[in-house]
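All of these numbers come straight from a predicted model, not from anything done at the bench. Here is the naming used below: chain letters follow the sequence lines, and residue numbers restart at 1 for every chain.
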Amino acid sequence: MDQQRRTGRQLLAEQEKLGNDVVAVEVGGQVFDLHTPLPEGTSEVRAIRQNDPKALPIIRHSTAHVMADAVQKLFPGTKVAFGPATEAGFFYDYDRPGGSFSEADLEAIEQKMLEIIESDSPFVREPMAREDLMALLSSMNEPYKLEHVQRLEGELTIYRHGDWVDLCEGPHVPSTRFLKAFKLTHTAGAYWRGDERNPMLQRIYGTAFASPKDLKAHLKALEEAKLRDHRKVGKELDLIAFHPLAPASPFFTARGARIYNALCDYVRELYDRHGYEEVITPQVFDNELFETSGHLPAYYENMFLAASKEHLEKAAKEIVEKPPADVHACEHVMTEHFRFGVKPMNCPSHCLLFGMKRRSYRELPLRIADFGRLHRYERSGVVQGLTRVRTFAQDDAHIFCTQEQVSGEIADFIDLVHRVYEDFAFQAPKIYIATRPDKRIGDDAVWDAAEKALIDGVSAKGVPFEIAEGEGAFYGPKVEFHLKDALGRSWQLGTIQADFNLPERFDLSYVGANNESHRPVMLHRAVLGSVERFFGVLIEHVGGNFPTWLAPEQLTIVTVASDFDAFAVEAAKELRRKGLRVSVDTSNERLGAKIRAARLMRVPYIGVVGAKEVEGRGLQLRSRDLNADVGFSTLDEVAARLLAEHRAPSLRD
RNA sequence: GCUGGCGUAGCUCAACGGUAGAGCACCUGUUUUGUAAACAGGGGGUUACGGGUUCAAAUCCCGUCGCCAGCUCCA
């Protein structure tokens, strides 16, 4: 090794900074193994120690190698594919001749991994010429790695530990003994290279940390997150229900509907202040609409089609009289006769509405809002609680405006989104700009303009964003606002999308100041996004403890004994007259049991009524959020206190 | 849709080839109660559905439906 290119280990040793907790080194933002020669002339390095955040992906990736080693030792003939570190741990994909891995297999693998870690085998990096590497992978009978190497460019390296070898660019921990805390968590199928046309491999997920303490904390956090799962909490609090006869289609119970409507009413108040007009549009349309909008060509597999008996008869008749040549032709005959489609989005009907009248530039920007129910057919494997359903409503609106108005509308909308998320005490959302997908309508020049409009609009606000390549809607690019659920899964909620395509397809126009006809731009936007999804994420965010302004029941009045029931009922009536949501528990239970019941339902306030309260015409009030008895209050004081929290924070006077 | 797992009372779970059970919830009674569970009694199940194996199936096998974790796809 030449003098100029020393390793991180050598450098740190010279500087007496080499502890036994150093995992790797960082030079100018790049991470190297301790034993890898650093770029020429490097004299300053930063040691990445075990507790450094940058150590985590290294530890996890190295653990993935050890897992793959263990798997191949235990299950000969198993081939390996990819095995990266992820946000929460790592995985490795395998092609196992015998099929999948069981729970028992995972335990055996963990045991074998412990042996490998115990052996304290150094990870060794080895640059290799392409031909040698391909020969090596062929001899190892690793077709996936071989295929991968053919796609790779630049310097190729392998990593060894013990007798195990993997095509890998590193970096890795110095030796297996640095892996001190790991757990294999679950298995899953995963397509090779993420493409569903490819064979499905077996994936084993695991996680690893610098110390057993960190691992334990992580596993505990996962357990706690599970307790917040909106499917569990939503059921416990009697907010939502599902029935097998309506798969992926939530029922909102009376309590859940209260919250649902409170969310919509909240948005309606904002609409009043931001110049939106709410409309109501049909559910089912002649499919000609969806031909025009592009949904049938580009969104067909997500649409529910609807047919009447007459349509079915006509289709049947044609099929009997002129039998179609194949399945495809038969499908065509049927869809030709199934005249109706259930709307999957509101935009087509809003285009119809815009086009029904001669429009003036004076009307623009025209902001049309719609809580219309949408139906989208989602494949059975993708649905999930409230966050991915087949029927939902959005706090949807379409803004028809001039080119010049676009950036102003985007800026206003971003303000609106941030204000709303603050009202729900969410962290600032992560913003993505989703660009043109492969499956799309419209010319590239139009997409160029639309993408530029969004990027300019967001940039003007100075908020950070990332580009999500190819993730746009089929009709236009999107700005997406993402929040995470209790399990750390990220969901798109709000969005604003620039659309130059639909106005074109619907031939929309307005009369300008110059008395000439112009094409409007259309912005699709939603703040909550899907109300269903927002509800689900919100349940998890508040852990079922809905703030007073959303709580289905704001106050439960409980009586100490049945003698006081009459006053309790009277008090509830009086408070309800003031617009509060109040219930009375007159069940034949002891006070403690009634309090417990109300607390389990996460009611923000509990009011106890006994002899003293009847006499003073008030309640002994307990606050859920303060977790304390707040003392005696007259009914007027109770009303004032609750009414102060009765509206969203930003709407309070 | 794909891979794997799961489906027993309203809920949480037991029984894992040999008579379907518990706690909570529910109903009825007793109790009149002061801040997280009073006591007693009672009702409730074609073990998701359909088929098969077996003297015997909740239990084993096949199919359908649904749910869960991922993958692919998306608000």
Side-chain angles (χ1 to χ4, degrees), chain A residues 91 93 96 99-103 105 185-205 226 229 231-232 235-236 238 241-248 299 301-302 344-345 374 376-396 434 437 439 471-474 478 480-482 487 489 491-495 497 524 526 528-534 536-537 558-565 587-601 606-613 620-622 627-630:
Chain A
F91 64 78
D93 288 343
R96 182 185 174 191
S100 61
F101 295 96
S102 66
E103 288 282 313
D105 290 339
T185 51
H186 58 288
T187 59
Y191 300 107
W192 165 237
R193 306 194 73 86
D195 189 326
E196 64 182 327
R197 289 164 302 193
N198 286 340
M200 183 160 268
L201 306 173
Q202 298 301 323
R203 176 171 295 181
I204 300 179
Y205 281 92
K226 268 194 198 152
D229 190 316
R231 290 164 297 191
K232 179 180 156 67
K235 198 181 203 177
E236 284 168 357
D238 192 20
F242 287 89
H243 194 281
L245 295 183
Y299 207 69
E301 57 269 31
N302 283 295
M345 298 183 191
L374 308 177
R376 298 183 187 175
Y377 179 75
E378 299 287 352
R379 297 205 286 179
S380 63
V382 309
V383 298
Q384 192 201 70
L386 290 179
T387 41
R388 189 81 182 271
V389 293
R390 289 187 178 146
T391 174
F392 60 102
Q394 294 174 303
D395 60 329
D396 199 8
K439 196 171 181 180
E471 301 283 315
F474 71 84
K478 311 194 281 186
E480 302 180 347
F481 300 85
H482 288 244
L487 295 172
R489 289 178 288 213
W491 294 101
Q492 181 195 317
L493 297 174
T495 179
Q497 311 168 2
H524 307 238
L528 308 182
S530 147
V531 181
E532 277 72 2
R533 175 178 289 179
F534 188 86
V537 175
V558 300
T559 50
V560 171
S562 55
D563 290 350
F564 316 115
D565 286 358
S587 65
N588 185 13
E589 284 289 348
R590 284 178 152 65
L591 179 65
K594 294 187 197 180
I595 300 240
R596 179 168 190 268
R599 290 184 70 150
L600 286 175
M601 291 309 274
I606 299 172
V608 175
V609 172
K612 284 175 289 188
E613 290 73 27
Q620 187 72 19
L621 205 60
R622 162 177 272 282
N627 192 24
D629 193 328
V630 295

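- Counting any heavy atom pair closer than 4.0 Å across all strands shown, A:Ala248 reaches sugar-phosphate atoms only and no base atom.
- Residue contacts shown for A:Ala190 are limited to sugar-phosphate atoms, with no base heavy atom under 4.0 Å away.
- At distances below 3.5 Å, not a single donor-acceptor pair connects side-chain atoms of A:Thr559 with backbone N or O atoms of A:Ser562.
- Nucleotides B:G63 and B:G1 are separated by 15 Å at their P atoms, to the nearest Å.
- To the nearest 0.5 angstrom, A:Thr495 atom OG1 is 7.5 Å from A:Phe481 atom CZ.
- A:Arg590 places its CZ atom 12 Å from the P atom of B:A40, with the value rounded to the nearest Å.
- Rounded to the nearest 0.5 angstrom, A:Thr391 OG1 and A:Leu374 CG are separated by 7.5 Å.
- For the pair A:Phe564 CZ and B:U32 P, the computed distance is 13 Å after rounding to whole Å.
- Between A:Arg599 and A:Ala188, the residue whose closest nucleotide on RNA chain B is further toward the 5' end is A:Arg599.
- With both ends at atom C1', the span from B:A57 to B:U46 equals 13 Å, rounded to whole Å.
- Relative to the side chain of A:Met200, the nucleotides B:C2, B:G1, B:G4 differ in distance, and B:C2 lies closest.
- The NZ atom of A:Lys235 sits 11.0 Å away from the CG atom of A:Asp229 when rounded to the nearest 0.5 Å.
- Between B:U47 and B:A15, the distance separating the two C1' atoms is 11 Å to the nearest Å.
- In this structure, A:Ala526 reaches neither bases nor backbone, as no heavy-atom distance under 4.0 Å exists between it and the strands shown.
- Across the protein-nucleic acid pair, A:Asp563 atom CG and B:G34 atom P stand 13 Å apart, rounded to whole Å.
- Of the listed nucleotides (B:A38, B:G66, B:G34), B:A38 has the atom at the smallest distance from the side chain of A:Ala593.
- Both tests hold for A:Arg96 against A:Phe101: distance to the six-membered ring centre under 6.0 Å, angle to the ring axis within 45°.
- Of the P atoms belonging to B:G21 and B:G42, the separation is 14 Å, rounded to the nearest Å.
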Heteroatom pairs (N/O) under 3.5 angstrom, protein to nucleotides 72-75 of chain B:
residue: B:U72; atom: O2'; partner: A:Glu196; partner atom: OE2; Å: 3.1
residue: B:U72; atom: O2; partner: A:Arg379; partner atom: NH2; Å: 2.8
residue: B:C73; atom: O2; partner: A:Arg388; partner atom: NH1; Å: 3.4
residue: B:C73; atom: O2; partner: A:Arg388; partner atom: NH2; Å: 2.5
residue: B:C73; atom: N3; partner: A:Arg388; partner atom: NH1; Å: 3.0
residue: B:C74; atom: O2; partner: A:Arg388; partner atom: NE; Å: 3.4
residue: B:C74; atom: O2; partner: A:Arg388; partner atom: NH1; Å: 3.4
residue: B:A75; atom: OP1; partner: A:Lys478; partner atom: NZ; Å: 2.5
residue: B:A75; atom: OP2; partner: A:Lys478; partner atom: NZ; Å: 2.6
residue: B:A75; atom: O3'; partner: A:Gln492; partner atom: O; Å: 3.0
residue: B:A75; atom: O3'; partner: A:Gln492; partner atom: OE1; Å: 3.0
residue: B:A75; atom: O3'; partner: A:Gln492; partner atom: NE2; Å: 3.0
residue: B:A75; atom: O3'; partner: A:Arg533; partner atom: NH1; Å: 3.1
residue: B:A75; atom: O2'; partner: A:Gln492; partner atom: O; Å: 2.6
residue: B:A75; atom: O2'; partner: A:Arg533; partner atom: NE; Å: 3.4
residue: B:A75; atom: O2'; partner: A:Arg533; partner atom: NH1; Å: 2.3
residue: B:A75; atom: N7; partner: A:Arg376; partner atom: NH1; Å: 3.2
residue: B:A75; atom: N6; partner: A:Glu378; partner atom: OE2; Å: 2.9
residue: B:A75; atom: N6; partner: A:Val389; partner atom: O; Å: 2.5
residue: B:A75; atom: N1; partner: A:Val389; partner atom: N; Å: 3.2
residue: B:A75; atom: N1; partner: A:Val389; partner atom: O; Å: 3.3

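- In the set B:C68, B:U33, B:U35, B:U35 carries the atom at the smallest distance from any side-chain atom of A:Val608.
- A close approach under 4.0 Å does not occur between any side-chain nitrogen or oxygen of A:Thr187 and OP1 or OP2 of B:G4.
- Within 4.0 Å of A:Phe534, counting heavy atoms only, lies no atom of the nucleic acid at all.
- A:Lys594 comes within contact range of no nucleotide atom at all, as no heavy-atom separation falls under 4.0 Å.
- The side chain of A:Pro247 approaches B:C67 more closely than any other nucleotide in the set B:C68, B:U35, B:C67.
- The shortest heavy-atom contact between A:Val382 and A:Arg388 is O-CG, 3.2 Å.
- The interatomic distance linking A:Asn588 (CG) with B:A37 (P) rounds to 17 Å, in whole Å.
- Side chain of A:Lys594 to main chain of A:Ser587: a donor-acceptor pair is present (N/O by atom type, distance under 3.5 Å, no hydrogens or angles).
- Atoms CD (A:Glu236) and C1' (B:C24) sit 13 Å apart, rounded to a whole Å.
- A:Arg376 has no carboxylate O lying under 4.0 Å from a charged side-chain N of A:Glu378, or vice versa, which leaves the two without a salt bridge.
- Between A:His186 and A:Tyr205, the ring-plane angle classifies as parallel under the 30° and 60° cut-offs.
- B:C11 and B:C67 have their C1' atoms separated by 16 Å, given to the nearest Å.
- Counting non-hydrogen atoms of other residues, nucleotides and ligands closer than 6.0 Å to CD of A:Glu236 gives a total above 12.
- In this structure, CD1 of A:Ile595 is placed 12 Å from P of B:A38, rounded to the nearest angstrom.
- A salt bridge links A:Arg197 with A:Asp195: the distance from a Lys NZ or Arg NE/NH1/NH2 to an Asp or Glu carboxylate oxygen falls below 4.0 Å.
- Ionic pairing of A:Glu589 and A:Arg596 is not present here: no N-O contact between side-chain nitrogen and carboxylate oxygen is shorter than 4.0 angstrom.
- Here B:C6 presents its C1' atom at 16 Å from NE2 of A:His186, a figure rounded to the nearest Å.
- Backbone-only engagement by A:Arg203 is indicated by non-hydrogen atom pairs under 4.0 Å involving sugar-phosphate atoms exclusively.
- Each of B:A37, B:A69, B:U35 was ranked by its minimum atom distance to the side chain of A:Arg622; first place goes to B:U35.
- Atom name C1', nucleotides B:C24 and B:C62: the rounded distance is 37 Å, in whole Å.
- The residue A:Glu103 sits apart from the nucleic acid: no heavy atom pair falls under 4.0 Å.
- Nucleotides B:A48 and B:U32, compared at atom P, are 45 Å apart to the nearest Å.
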Parsed dot-bracket for RNA chain B after applying the Watson-Crick and G-U rules with both distances under 3.5 Å and | for other-strand partners is (((((((..((((....[..)))).(((((.......))))).....(((((..]....))))))))))))....
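- For A:Phe101 and B:C71, the CZ to P distance is 17 Å, given to the nearest whole Å.
- When the C1' atom is used for both B:C13 and B:G45, the distance is 15 Å, rounded to whole Å.
- Toward the 5' end of RNA chain B, the nearer of the two residues A:Leu600 and A:Ser562, judged by each one's closest nucleotide, is A:Ser562.
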